[in-house]
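Take a look at the structure below.
Small disclaimer: the values here were computed from a predicted structure and weren't measured. When a residue number appears, it is its place in the shown sequence, counting from 1.
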Amino acid sequence: MTFENPSRERIKEILANAGAIAVVGLSDNPDRVSHMVAAAMQARGYRIIPVNPNADRILGEKCYASLNDIPEEVDLVNVFRRSETVVPIAEDAVRKGAKVFWLQQGVYNEEAESICRQSGLEVIMDRCIKVEDAILNPRGV
């Protein structure tokens with residue numbers, strides 16, 4: 001079976017309804033893509049929750065070592081990790097009760113997709129959340 005991302009219209013709905021977005025692999029280095037993307041999303045009004053076991057705070061937000069450590073609900077899990085490392089993150093996203101599992105551009109993993117879909121999560125792979133938001137502009141910013 002070939003993977004197909006949701007339609008642009010559905011992605012627009014997902015972004016418009018996104019509450020807390022956990023960003024797994026968010027770097028505290030402003031020169032890293034994960035930091036630039038998360039900062040841009042935060043500037044557009046999205047609630048970013050950094051997940052990085054090696055930092056205390058990123059973008060003014062408290063960091064958590066894993067998804068399981070976040071004490072609040074998470075709607076969307078945005079992943080900046082290598083494709084071969086995302087299966088345990090998918091399992092954590094399911095346990096956390098996330099609605100959407102989003103793998104950034106260049107990240108693709110069929111096993112992680114299957115784990116998430118079997119538990120009712122929507123999956124987006126190999127797409128940049130910042131680019132999609134800029135194209136769709138669901139918040140009118």
Before accepting this row, confirm whether a basic side-chain N of the pair R8/E132 lies closer than 4.0 Å to the acidic partner's carboxylate O.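 Salt bridge present between R8 and E132.
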Residues R47 and E61 bridged, charged N to O under 4.0 Å: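 Looking at R47 and E61, the cut-off is met.
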Check for a donor-acceptor pair, side chain of [X] on one end and backbone N or O of [Y] on the other, with a separation under 3.5 Å.
X	Y	answer
K99	I14	no
E73	A20	no
Q104	I129	yes
D56	K62	no
T85	R82	yes
S66	N68	yes
D75	A18	no

Validation row: [X], [Y] side chains within 4.5 angstrom (heavy atoms):
X	Y	answer
V107	D126	no
R127	Q105	no
I48	M41	yes
Y64	I49	yes
P6	I124	yes
F3	N109	no
R10	E122	yes
V24	V77	yes

A quick test of your reading: do over 12 heavy atoms of other residues, nucleotides or ligands sit less than 6.0 Å from CD of E84?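 More than 12 within 6.0 Å, yes.
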Does a side chain donor of either Y46 or D133 reach within less than 3.5 Å of an acceptor in the other side chain?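 Judged by distance alone, the side chains do pair up.
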Any luck finding a side-chain donor-acceptor pair between E110 and S114 under 3.5 Å?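 No donor-acceptor contact under 3.5 Å links the two side chains.
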Start with the C-alpha distance between L103 and Y108, add both sets of side-chain angles, then the distance that settles side chain to side chain contact (heavy atoms under 4.5 Å, CB included), and finish with yes or no. CA-CA 7 Å; L103 300 178; Y108 181 89; 5.7 Å; no
Side chain to side chain contact (heavy atoms under 4.5 Å, CB included) evaluation trace for F101 with N78: CA-CA 6 Å; F101 189 68; N78 184 219; over 6 Å; no
Gap between atom [atom2] of [Y] and atom [atom1] of [X] - 0.5 Å precision:
X	Y	atom1	atom2	value
M125	S83	CE	OG	9.0 Å
D28	C63	CG	SG	7.5 Å
L26	I58	CG	CD1	4.0 Å
L15	L76	CG	CG	7.5 Å
K96	L121	NZ	CG	13.0 Å
I89	I115	CD1	CD1	11.0 Å

Distance-minimising heavy-atom pair for A93 and L67: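 Taking A93 first and L67 second, the nearest heavy atoms are N-CD1, 3.7 Å.
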Between V23 and V51, is the side chain to side chain contact (heavy atoms under 4.5 Å, CB included) condition met? List the steps. CA-CA 6 Å; V23 183; V51 178; over 6 Å; no
Test V74 against I21 for side chain to side chain contact (heavy atoms under 4.5 Å, CB included), laying out the working first. CA-CA 6 Å; V74 170; I21 300 175; over 6 Å; no
Please report, to 0.1 Å, the donor-acceptor pairs under 3.5 Å made by any side chain of residues 30-40, with sequence neighbours excluded.
unit_1 : atom_1 : unit_2 : atom_2 : d
S34    : OG     : G25    : O      : 3.4
S34    : OG     : S27    : N      : 3.0

